[in-house]
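Only one structure is covered here, and it is reproduced in the block below.
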Amino acid sequence: MALKIFNVLGREKQEFTPLNPGFVNMYVCGPTTYDWSHLGHAKNYVNFDVIVRYLRFSGYNVLYVQNITDVGHLLETDEDRVIKAARKLQVKPMQVVEEYTRYYFEDMDALGVTRPDISPRASAHIPEQIKMIQTLIAKGHAYEVNGSVYFDVTSAADYGKLSNRKLEKQEAGTREVVRDDKRNPEDFALWKKAEPEHILRWDSPWSEGFPGWHIECSAMAKKYLGDTFDIHGGGIDNLFPHNESEVVQSECANDAPFARYWMLGGSLTVDGVKMSKSLRNFVRARDALEKYRPQVIRMFAMSAHYASPVDYSDAGMQAAQAGWERLYGAVRLTRSMLGAAPASDDSNSFRDRLAAARAQFIEVMDDDFNMPKAVAVLQELTRDVNTLLNSGQAVGRPVLEAIESTYTDLGGTVLGIIPAGEAVTSGDSAREAGLIQLLIEMRTAARKAKNFSESDRIRDELAKLGVVLEDRADGTIWRAT
RNA sequence: GGCGACGUGGCCAAGUGGUAAGGCAAAGCUCUGCAAAAGCUUCAUUCGCCGGUUCGAAUCCGGCCGUCGCCUCCA
């Protein structure tokens with residue numbers, strides 16, 4: 001079974017064949033770091049994280065580039081959003097960028113999102129952007145007016161092919177407003193001359209100014225991945241104009257196809273409306289992390305196919321949490337049983353069940369990264385694992401290890417929802433575990449003596465402290481809530 | 001208005017021609033001293049509505065209704 005990807009370019013599911021066998025060059029549009037990351041970012045970057053993890057799990061050598069936008073991303077009012085934030089906070093623009101870039105990585109790290117291999121910043125690639133703009137001017141795809149440079153969308157026959165937009169046949173100026181000095185209303189800025197109060201500014205052949213928003217991705221993708229590369233990811237909300245502009249300017253400048261596969265993630269919504277900063281309906285990623293474990297947020301992000309929207313709600317998060325706890329409960333039970341398991345081949349036939357789960361997992365992930373179905377595969381496996389482990393029949397160490405590694409590989413390495421283990425390392429945790437074990441033994445003695453008021457008191461008091469006891473045929477185990 | 005996505009049980013959701021995965025919630029049961037955890041059972045003759053194609057459609061085609069996204073602020 002070969003990997004298939006729904007390619008937004010052409011809007012069909014296609015077999016994935018990398019440009020160079022065994023290697024995947026991938027670019028994903030990153031955030032503009034002038035404010036906190038919210039769950040919308042978390043959803044999208046968790047999805048792409050799983051995509052990258054799965055590609056690597058499948059044996060591909062992935063080069064993953066994700067930019068940090070720190071300049072040129074203007075508001076509708078033509079204000080630079082970074083400068084605006086800096087003015088509000090009374091700090092230098094680059095301080096804003098530094099601070100929120102740091103927070104962004106902190107939040108993504110906490111969510112278990114693997115860092116991109118390269119995180120290039122727009123402001124560090126001004127020369128590359130200027131060079132690309134010069135190429136576009138030389139080829140007649142861009143023009144300079146009053147120190148600013150615009151891309152002429154009528155110069156490219158296939159402009160609009162990604163978002164399926166066609167230029168309206170109309171003459172410039174017939175619209176009510178033709179902004180700036182553009183020849184066509186649809187032309188977009190490659191370089192903008194800076195007004196005196198605009199602090200973020202660089203020298204260029206045309207003026208002291210700053211690059212447009214779209215050119216950074218084209219320039220940095222070219223620099224690190226080449227003219228043509230395999231996968232370009234991002235959020236569906238940036239399909240137009242951002243992604244469309246990237247495609248047209250890159251292909252015009254490079255005379256080569258740009259990204260071969262486009263993968264765009266669905267938006268996170270709240271009550272059916274997109275979570276966004278401007279609507280002020282967002283939940284910061286770090287606030288969500290205070291309330292829910294990172295694995296639960298990842299489960300939630302994977303509750304629908306990556307290209308579909310996901311609606312945020314407490315009920316949705318709680319469903320994700322309940323589902324996760326059942327999965328993780330099976331893993332925890334497996335690990336606790338490993339401690340005293342015999343090195344026998346008891347229950348060895350269960351290996352077939354594990355192999356089937358692996359095969360199913362790969363099959364559904366190969367089908368355009370069907371994460372909800374991949375989770376379902378683990379959930380079905382979990383039912384059988386629980387049945388086996390609670391059956392009372394002997395289970396040998398090799399099988400337990402095979403169960404553990406199945407969860408670790410599929411749920412851990414690929415999906416990032418199964419932690420590697422709760423290693424008790426610090427002195428305090430080891431002491432705590434010892435004390436809990438002592439209380440468990442005291443309770444066991446009380447139960448044997450049928451002193452249930454005493455045994456229930458120990459259980460209830462521990463529960464109040466966040467330690468839940470579970471009585472099993474082979475003894476009592478505990479877990480922290 | 002243009003472009004695009006979508007509408008599946010109480011909720012979330014998979015499913016692109018062969019007779020409805022999975023999770024959450026709910027109810028009953030088993031296990032337990034009681035719990036917890038786990039397992040079992042029940043829970044859509046039906047996939048927004050109306051037509052059509054077909055031996056057969058949630059899946060294909062047409063129309064209608066509704067929701068959402070983008071159309072130079074947004075991952």
Side-chain angles (χ1 to χ4, degrees), chain A residues 8 11 13 28-32 35 37-45 47-48 66 69 73-77 79 81 160 163-166 168 179 185-189 212-214 233-242 244-245 264-269 272-279 282 299-300 303-305 307-311 313 315-316 318-327 329-330 332-333 364 367 370-380 382-387 389-392 447 450-452 455-456 459-460 463 468-473 476-479:
Chain A
V8 177
R11 311 216 182 239
K13 211 183 270 186
V28 173
C29 283
T32 304
D35 203 347
S37 303
H38 56 64
L39 280 176
H41 301 109
K43 185 247 178 215
N44 204 33
Y45 294 124
N47 286 160
F48 280 107
Q66 186 192 101
T69 298
H73 198 165
L74 303 184
L75 292 162
E76 204 166 37
T77 54
E79 280 179 291
R81 49 186 64 225
S163 60
N164 274 333
R165 251 162 247 258
K166 290 180 179 57
E168 292 173 47
R179 289 176 67 184
E186 292 85 359
D187 288 352
F188 55 89
W213 173 36
H214 317 305
I236 188 72
D237 51 347
N238 275 337
L239 174 62
F240 189 88
H242 183 63
E244 191 70 63
S245 304
L264 300 176
S267 300
L268 185 74
T269 59
V273 180
K274 193 176 81 167
M275 179 178 286
S276 72
K277 288 166 186 171
S278 53
L279 288 176
F282 62 90
M299 277 281 277
F300 177 72
S303 61
H305 185 262
S308 300
V310 173
D311 198 66
S313 65
Q318 270 151 26
Q321 171 150 321
W324 178 81
E325 279 173 358
R326 181 159 155 274
L327 282 187
R332 187 167 36 216
L333 180 56
V364 301
D367 185 11
N370 195 331
M371 300 171 207
K373 214 167 174 181
V375 171
V377 168
L378 290 184
Q379 270 154 340
E380 286 176 82
T382 296
R383 186 185 56 236
D384 293 341
V385 167
N386 279 325
T387 299
L389 300 188
N390 291 311
S391 65
R447 289 178 72 211
K450 301 214 185 297
N451 184 355
F452 296 122
S455 66
D456 288 352
R459 186 173 65 195
D460 294 345
V468 175
L469 302 188
E470 291 172 18
D471 293 328
R472 295 175 49 76
T476 300
I477 59 174
W478 65 276
R479 65 187 162 91

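Naming: A, B, ... by sequence-line order, numbering from 1 per chain.
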Could you give the distance separating B/A25 and B/C64 at their C1' atoms, to the nearest angstrom?
35 Å
Restricting to side-chain hydrogen bond (donor to acceptor under 3.5 Å, both in side chains), what partner residues turn up for A/N164, sequence neighbours left out?
none
Could you check whether A/V364 gets within reach of a base, just the sugar-phosphate, or nothing at all, counting any heavy atom under 4.0 Å?
nothing
In the strands shown, is B/A13 matched to any nucleotide by a Watson-Crick or G-U wobble pair with both distances under 3.5 Å, and which?
none
Taking B/A38 as the reference, what is the distance to B/A57 when you measure between their P atoms (whole Å, please)?
41 Å
For A/T387, enumerate each residue passing the side-chain hydrogen bond (donor to acceptor under 3.5 Å, both in side chains) test, keeping only those at least two apart in sequence or located in another chain.
none
Partner of B/A26 by Watson-Crick or G-U wobble geometry, both contacts under 3.5 Å, or none?
B/U42
Partner set under side chain to side chain contact (heavy atoms under 4.5 Å, CB included) for A/N390, not counting sequence neighbours:
A/L333, A/N386, A/R472
Heavy atoms only, 4.0 Å cut-off, all strands: where does A/G40 land among base, sugar-phosphate and nothing?
base
Restricting to side chain to side chain contact (heavy atoms under 4.5 Å, CB included), what partner residues turn up for A/H242, sequence neighbours left out?
A/C29, A/W213, A/H214, A/C217, A/N238, A/E246
Taking atom C1' in both B/A36 and B/G69, compute the distance separating them and give it to the nearest angstrom.
45 Å
Is A/K373 salt-bridged to A/D367, cutoff N-O under 4.0 Å?
no
Measure from CD on A/Q379 to P on B/C12 and round the result to the nearest Å.
17 Å
Can you find a heavy atom in the side chain of A/R447 that is under 4.5 Å from one in the side chain of A/T476?
yes
Round to a whole Å and report the spacing from CZ of A/F300 to C1' of B/A13.
12 Å
Using a cut-off of 4.0 Å on non-hydrogen atoms, how would the nucleic acid contact of A/S276 be classed: base, sugar-phosphate, or nothing?
base
Please identify each residue that fulfils side chain to side chain contact (heavy atoms under 4.5 Å, CB included) with A/S391, with sequence neighbours left out.
A/Q393
From CZ of A/F240 across to C1' of B/A75 the rounded distance in Å is 18 Å
All side-chain hydrogen bond (donor to acceptor under 3.5 Å, both in side chains) counterparts of A/H41, not counting sequence neighbours:
none
Comparing A/F48 and A/D187 on RNA chain B - which has the more 5′ nearest nucleotide:
A/D187
Interatomic distance at P, B/C65 relative to B/C49, whole Å
15 Å
Heavy-atom contacts, protein to nucleotides 27-39 of chain B, under 4.0 Å, summarised as B (base), S (sugar-phosphate only) or - (none) per nt, yield ------BBBBSSS
Considering every strand and a 4.0 Å limit on heavy-atom distances, what is the contact class for A/M275: base, sugar-phosphate, or nothing?
base
Mind checking who B/U53 pairs with, Watson-Crick or G-U wobble, both distances under 3.5 Å?
none
What distance, rounded to whole Å, do you find between the two C1' atoms, one in B/C3 and one in B/U8?
26 Å
Paired to B/G7 by Watson-Crick or G-U wobble criteria (both distances under 3.5 Å) is B/C65
Quickly work out the A/L268 CG to B/C68 P distance and round it to whole Å.
16 Å
Give me, pair by pair, the N or O atoms of the protein and of nucleotides 19-21 of chain B that are less than 3.5 Å apart, along with how far apart they are.
none

Can you measure A/D35 atom CG to B/A75 atom P for me and round it to whole angstrom units?
10 Å
Does the A/K43 side chain pair with the main chain of A/P309, one donor and one acceptor, at a distance under 3.5 Å?
no
Partner of B/U19 under the Watson-Crick or G-U wobble criteria, both distances under 3.5 Å, comes out as none
Pick base, sugar-phosphate or nothing for A/G234, based on heavy-atom distances below 4.0 Å to the nucleic acid.
sugar-phosphate
Here the distance between atom P of B/G23 and atom CG of A/N370, to the nearest Å, is 15 Å
Any protein N or O atoms within reach of nucleotides 3-5 of chain B? Criterion: under 3.5 Å, listing atom names and distances.
unit_1, atom_1, unit_2, atom_2, d
B/C3, O2', A/S163, O, 2.9
B/C3, O2', A/N164, O, 3.3

Determine the interatomic distance between C1' on B/U16 and the same-named atom on B/A75; round to the nearest Å.
29 Å
Can you sort out the partners of A/T382 under side-chain hydrogen bond (donor to acceptor under 3.5 Å, both in side chains), two or more places apart, ordered by chain and number?
A/Y407
Work out how far the P atom of B/G18 is from that of B/C60, and round it to whole angstrom.
12 Å
Nearest-Å distance once atom P is located in both B/A26 and B/G63:
44 Å
How would you label the contact of A/G30 with the nucleic acid (heavy atoms, under 4.0 Å): base, sugar-phosphate, or nothing?
sugar-phosphate
Whole angstrom value for the distance that separates P of B/G22 from CG of A/L327:
14 Å
Determine the contact category for A/A315: base if any of its heavy atoms lies under 4.0 Å from a base atom, sugar-phosphate if only primed atoms, P, OP1 or OP2 are that close, otherwise nothing.
nothing
Expressed as a whole number of angstroms, how long is the span from A/H305:NE2 to B/A14:P?
8 Å
Please tell me if the side chains of A/R383 and A/R326 come closer than 4.5 Å, counting only heavy atoms from C-beta onward.
yes
Counting just side-chain N and O atoms, does A/N238 come under 4.0 Å of either OP1 or OP2 of B/G69?
no
Would you please name every residue forming a salt bridge (Lys or Arg N to Asp or Glu O under 4.0 Å) with A/K274, sequence neighbours left out?
A/D237
Test side chain to side chain contact (heavy atoms under 4.5 Å, CB included) applied to A/N44 - qualifying residues, sequence neighbours left out:
A/F48
A/Q66 vs A/P31 side-chain heavy atoms within contact, under 4.5 Å
yes
